[in-house]
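The figures that follow rest on heavy atoms only: side chains count, while hydrogens, waters and symmetry mates do not.
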Amino acid sequence: MKKGSKRPSLRQLWQDTDLDLSRIRPADPGDDDQVRWEQAHARRLDAAELRLFRRAYPVLCVILCLILSTALVLTVAYMPAFGREDSPTNNEVAARYIEGATAEAGAVNAVAGMIIYFRGFDTLGEAHVLFSSVCAVMILLEVEPDRRRLRRERAEDRLYDLTRDSVLKEVTRVLEPLIFLFGLYVIFNGHLSSGGGFSGGTVIGAGLILHAVAFGFTDTERFFNRKVFDVIRVAALLFYSAVMLYFFYTGANDLDAWIPRGTPGSIFSAGFILPVNLAVGLEVACTMYAMFSLFRRGRV
Amino acid sequence: MNLLTVLGRILDNYEECAAMVLFAIGFFMLILHRNLIKKIIGMNIMDTAMYLFLASIGYIEGRAAPVLEDGAADPALYINPIPTGLVLTGIVVSVSFTAIMLALSVRLYRRYRTLNLDDIYTIIREERK
Amino acid sequence: MTELEIFRLILLTFLVVCAAASAVSRSMLVTVIIFMTYGLVMSILWVVLRAPDLAVTEAAVGVCITSSLFFVTLRRLNLIRKRGEEDADSEEGK
Amino acid sequence: MSFVLNFPAVSIVLSLAASVASVAARRWAKQISCLVVVLGMAMSAAVLAYTASAGAAFTYVMGQAPAPWGNELRIGILEPLFALLFGLVLLLCILSGETTLSEKADPKKRYLFFVLCDLIQASLFALCYTNDLFTSYVFIEICTIASSGILMIRDNGPTATAATRYMIFSLVGSSLFLLGVIMLYGVTGHLLMEPLRKAVASVWAAGTYRLPLRVIIVLLVVGLGIKSGLFPFHFWMADTYGTSLPGAAGILSGIVSKGYIFLLLKLVHRVIGPDVFYASGAQNVLFLFGVLGMIVGSISAIHTSDVRHMIAYSSAAQIGYIYMGVGISPALGTVAALFHVLTHALTKPALFLSASRLADVSGGSNDFHALQGSAHRNRVAGIVFSVGSMSMVGIPAFMGFISKIQFALAGAQAGAKMLPTFIALAVSTVLNVLYFMRTVIRIYTPAPEQGEHVVRARQQLVFDGTALCFIGLNVAIGLFSQPVIELLGRGLALLG
């Protein structure tokens with residue numbers, strides 16, 4: 001089923017060659033599955049109804065998308081102009097987020113003040129989006145490691161360790177502390193300068209991934225395994241929920257909330273923004289690394 | 001609708017319009033491509049286009065990022081912080097979706113040895129018979 | 001038109017070109033690499049749009065994490081192979 | 001402020017925390033889920049009692065900053081009522097779907113099902129109560145991820161394919177929704193619903209951004225319509241509901257799609273405003289697609305020979321009813337639509353669950369012919385299936401009948417839409433009778449060779465209990481519908 005023999009050119013353009021069926025190796029030879037698969041493959045080529053559908057489908061899609069993009073560009077053209085001071089979004093809401101950033105939230109970074117102090121419920125949901133997605137990825141990819149698989153993984157790891165690029169290792173050795181330091185800086189300075197839990201957490205997660213790539217999972221498991229992952233994310237999210245519940249309860253009932261605001265600009269200030277940033281950062285870092293690990297070897 | 005005024009408006013809003021073109025490209029990829037990986041990339045492009053759109057709504061020419069230096073909390077100095085916060089949420093959401101879709105494509109490939117959705121539907125239909 | 005605006009226009013053009021290129025490119029690996037570039041340009045654009053928070057996040061998420069997830073997936077689907085490794089890794093797809 | 005009003009926020013955060021805690025206490029995940037759902041239901045019931053007796057709606061500030069700045073919940077009558085409904089159906093689906101879960105899912109991953117159920121509960125409650133557009137987007141995403149997760153927990157090829165399709169449709173839907181939210185923010189500068197409504201009304205009256213506003217309405221409606229399975233976008237439903245575990249199918253069709261519909265109603269009444277919405281012409285499109293969905297869904301249901309696909313297509317038809325009601329009129333039609341949401345949420349999960357029981361005693365096949373005589377092999381499932389079918393068809397004494405009466409009453413006062421409504425109701429009822437009664441007759445026709453397939457399903461007792469709940473509620477609300485309709489009407493008046 002090589003491309004380019006008889007199909008319309010439009011379709012050629014929008015189909016990839018990489019995943020062409022002819023390139024796919026069948027599973028184990030002699031397998032029942034394979035026979036069935038090959039039969040299906042043969043029949044698939046002359047499913048007439050589907051051929052018609054496939055030919056009509058791109059045309060329909062192009063038309064639909066052209067309509068959509070024209071409509072959207074036209075709509076946007078009639079929206080408030082770009083970069084002006086008199087745009088409707090520049091209203092009292094935005095003004096208070098900036099004015100209240102230091103006065104109410106105690107944060108110098110108005111974005112951190114807004115997402116954690118003013119709109120804390122959204123951000124609580126956001127942290128749980130990551131949690132739910134790692135649950136879904138676990139459902140799809142997690143495999144229980146039996147002894148054989150573990151042994152094979154170890155052996156592979158050792159083999160990779162010998163053959164792995166020494167340039168990568170040396171560069172990682174130099175870069176890694178810097179990456180982690182930068183990540184921690186971004187988390188701890190989330191209320192003072194741009195950044196925060198999500199940004200810093202992803203940086204740290206990227207650092208963990210780099211470590212795993214350069215030194216192997218066996219090495220990473222010395223300080224990060226399933227248990228650590230579970231403890232960190234459960235503790236971080238529960239802490240976050242508890243803090244937010246306290247905020248919601250005191251805020252809605254007009255009670256005086258105990259918020260240690262400190263002096264804006266110093267590191268221990270801005271109430272709960274720093275601990276919340278820390279919790280979120282840890283959770284994000286763990287989750288990012290866990291996703292990579294799940295994809296790579298089917299477990300955290 | 002005068003064509004010239006519309007063009008002028010489009011030029012006025014070039015940033016948002018570019019975001020909408022990107023959105024259309026992403027949408028195009030998401031629904032037209034039969035390959036899952038391409039669909040996922042299309043989804044990502046679509047999402048980032050929306051974030052670009054959101055950020056350009058809040059942008060005000062000549063103002064600084066909303067980090068209040070020296071405690072000067074004058075709203076006339078800084079851009080709107082809301083879009084930044086919302087985009088931050090959105091980026092996290094789209095990376096979650098990407099991870100799930102990629103995991104799904106790994107699983108589908110294990111089972112059907114192809115990532116072309118049409119082929120997968122055909123195989124399923126064949127197997128059902 | 002200020003310099004900043006011209007710079008922004010260049011970045012926007014680059015973004016659109018990247019997106020279109022990743023839509024029509026035929027190799028998966030190239031597509032993902034183009035997408036990485038797209039993320040990088042996007043993170044520069046965030047700086048220009050006065051959103052440094054987003055620049056850091058986009059650089060870490062779009063360029064590092066999403067792309068590494070894509071690469072791992074492609075590796076598991078046998079679309080990237082090491083040199084000399086023809087048919088190893090066959091149990092990976094099982 | 002009364003202490004009761006803290007309950008919505010507490011129940012949302014509690015179920016989020018429960019989902020996280022279930023990861024640490026895997027063995028107790030199911031118990032935690034049930035406990036949290038029961039607690040959530042109790043809290044919603046208390047809130048409902050409070051607001052219904054007060055006859056007013058309250059806002060609850062989520063955090064330290066008031067309305068246009070901080071997040072907010074809004075607690076009227078409909079919000080706790082629907083939270084109660086979602087909690088109830090979720091509980092029944094968890095209890096009754098557990099058997100198939102333990103048979104068909106990896107035992108090591110079973111706890112994740114309950115974790116995701118908690119997340120679904122949290123997000124649905126948040127969708128019910130929230131007064132903020134962006135919060136609703138975030139929780140829509142949690143809901144989408146969690147519901148695709150409970151789909152994927154059944155580890156086979158067709159389910160993974162169906163989950164992929166579901167994810168793609170959901171993604172398109174939520175992207176369009178988010179685009180609508182962003183545009184609305186760009187035009188008005190607000191994200192909370194009350195300031196938004198004022199801003200939308202003034203923008204509409206000033207006529208400055210009419211075109212963007214129309215596009216925004218279209219984007220929001222289409223986005224949520226795709227996610228809830230409105231007619232031209234219902235293609236994902238058959239595979240999704242047909243291949244997943246019956247508990248998951250019940251949750252998805254019964255409550256997740258209803259959560260999106262409820263959000264859409266909130267948008268219409270609280271953000272866009274019924275006057276603007278019903279002046280923009282969008283309601284006619286909804287009406288048209290609703291009617292088409294009723295007919296097309298039923299015809300597809302007649303064509304298929306797989307009983308679960310049939311129920312799934314019937315879902316598409318029922319969603320069509322709901323949108324038709326929204327399209328008829330903002331008052332009577334919407335009350336009918338709300339009542340039909342109740343009907344469908346209480347009936348469809350029962351149908352899915354009982355159909356899977358019937359399939360279990362028929363050699364595991366969902367095929368129409370294999371089901372012959374299955375009602376004799378599992379009597380309770382047969383009764384539940386028949387009751388559900390009769391309710392969907394609209395036989396008096398069941399809820400479906402009341403919804404159809406309500407639709408007809410609303411249609412009778414709708415002027416030009418009267419005739420199409422009546423014709424659509426009549427045609428759709430005939431089609432419903434065709435496919436549902438055909439199935440009921442089939443499952444009660446004795447099979448020629450009996451005895452071979454008779455397998456006593458495990459945990460029949462739990463299923464019997466939940467079945468009794470579903471049937472009991474259906475008949476009870478069907479017989480004493482007037483207070484419920486009154487409550488819905490009062491709630492709708494408070495929604496705006």
* Asked: Under 3.5 Å, side chain of D/Lys109 to main-chain N/O of A/Val143, donor-acceptor pair present?
  -> no
* Would you name the heavy atoms of D/Val20 and A/His128 that are closest together and state the gap between them? => CG2-NE2, 3.7 Å
* State the OG-CD1 distance between A/Ser133 and D/Ile145, to the nearest 0.5 angstrom. => 5.5 Å
* **D/His190 and A/Glu92, any side-chain heavy atoms less than 4.5 Å apart** => yes
* To do: Measure distances from D/Thr135 to the heavy atoms of chain A and classify the residue's part below 4.5 Å as side chain, backbone, both or neither.
  => both
* **For A/Tyr240, side chain to side chain donor-acceptor pair (under 3.5 Å) partners two or more places apart** => none
* Work out which heavy atom in D/Ala9 is nearest to a heavy atom in A/Leu245; give both atom names and the distance. => O-CD1, 4.5 Å
* Against chain A, work out which of D/Ser136, D/Ala105, D/Pro68 has the most heavy-atom pairs shorter than 4.5 Å and name it. => D/Pro68
* Determine, step by step, whether A/Met244 and D/Val13 satisfy the side-chain contact (heavy atoms from CB on, under 4.5 Å) criterion, reporting the C-alpha distance in whole Å, the side-chain angles of both residues, the deciding distance to 0.1 Å, and the verdict. => CA-CA 8 Å; A/Met244 285 333 277; D/Val13 178; 5.8 Å; no
* What is the minimum heavy-atom distance between A/Cys135 and D/Leu116, and which atoms define it? -> CB-CD2, 4.1 Å
* To do: Flag the pair D/Val115 / A/Phe131 as yes when at least one side-chain heavy-atom distance between them is below 4.5 Å, and no otherwise.
  => yes
* Looking at A/Val231, A/Thr123, A/Val234, A/Leu72, which has the largest count of heavy-atom pairs under 4.5 Å with chain D? -> A/Val234
* Structure fact -> Whatever's closer than 4.5 Å to a heavy atom in chain A on D/Val138 counts as both
* Asked: Looking only at heavy atoms, which two atoms of A/Ala136 and D/Gly149 are closest? And how far apart?
  -> CB-CA, 4.5 Å
* Begin from the C-alpha positions of A/Glu126 and D/Ile142 and carry the test side-chain contact (heavy atoms from CB on, under 4.5 Å) through to its verdict. => CA-CA 8 Å; A/Glu126 181 191 358; D/Ile142 295 184; over 6 Å; no
* Against chain A, label D/Ile153 side chain, backbone, both or neither, depending on which of its atoms sit under 4.5 Å from a heavy atom there. => both
* Give the ring-plane orientation class for A/Phe121 versus D/Phe139, where under 30° counts as parallel, over 60° as perpendicular and anything between as tilted. => tilted
* Is it the side chain or the backbone of D/Leu179 that comes within 4.5 Å of chain A heavy atoms, both, or neither? -> side chain
* To do: Supply the atom-to-atom distance D/Asp132 CG to A/Asp122 CG, rounded to the nearest 0.5 angstrom.
  => 5.5 Å
* **Between CG on residue D/Leu219 and OG1 on residue A/Thr75, distance to nearest 0.5 Å** => 7.5 Å
* Portion of D/Ser19 that has a non-hydrogen atom of chain A nearer than 4.5 angstrom -> both
* Contact class of D/Leu14 relative to chain A, heavy atoms under 4.5 angstrom -> neither
* Asked: For the residue pair A/Phe248 and D/Tyr60, what are the closest heavy atoms and their distance?
  -> O-OH, 3.7 Å
* To do: Would you mind reporting whether D/Leu211 and A/Met79 have side-chain heavy atoms less than 4.5 Å apart?
  => no
* chain D heavy atoms under 4.5 Å from A/Val137: which part of the residue, side chain, backbone, both or neither? -> neither
* **A/Arg119 and D/Phe134: CA distance, side-chain angles, deciding distance, side-chain contact (heavy atoms from CB on, under 4.5 Å) verdict** => CA-CA 10 Å; A/Arg119 301 180 62 87; D/Phe134 198 74; 3.5 Å; yes
* Part of A/Met114 lying under 4.5 Å from any heavy atom of chain D -> neither
* Write out, in numerical order, the residues from residues 278-286 of chain A with a heavy atom short of 4.5 Å from a heavy atom in chain D. => none
* Between A/Leu124 and D/Leu16, which heavy-atom pair has the shortest distance, and what is it? -> CD2-CD1, 4.0 Å
* Against chain A, label D/Arg26 side chain, backbone, both or neither, depending on which of its atoms sit under 4.5 Å from a heavy atom there. => side chain
* In sequence, state the C-alpha distance, the side-chain angles, and the governing distance for A/Glu142 and D/Asp106, and then conclude on side-chain contact (heavy atoms from CB on, under 4.5 Å). => CA-CA 10 Å; A/Glu142 203 176 23; D/Asp106 185 351; over 6 Å; no
* Asked: Can you check whether D/Trp69's main-chain N or O pairs, donor with acceptor, with A/Tyr97's side chain at less than 3.5 Å?
  -> yes
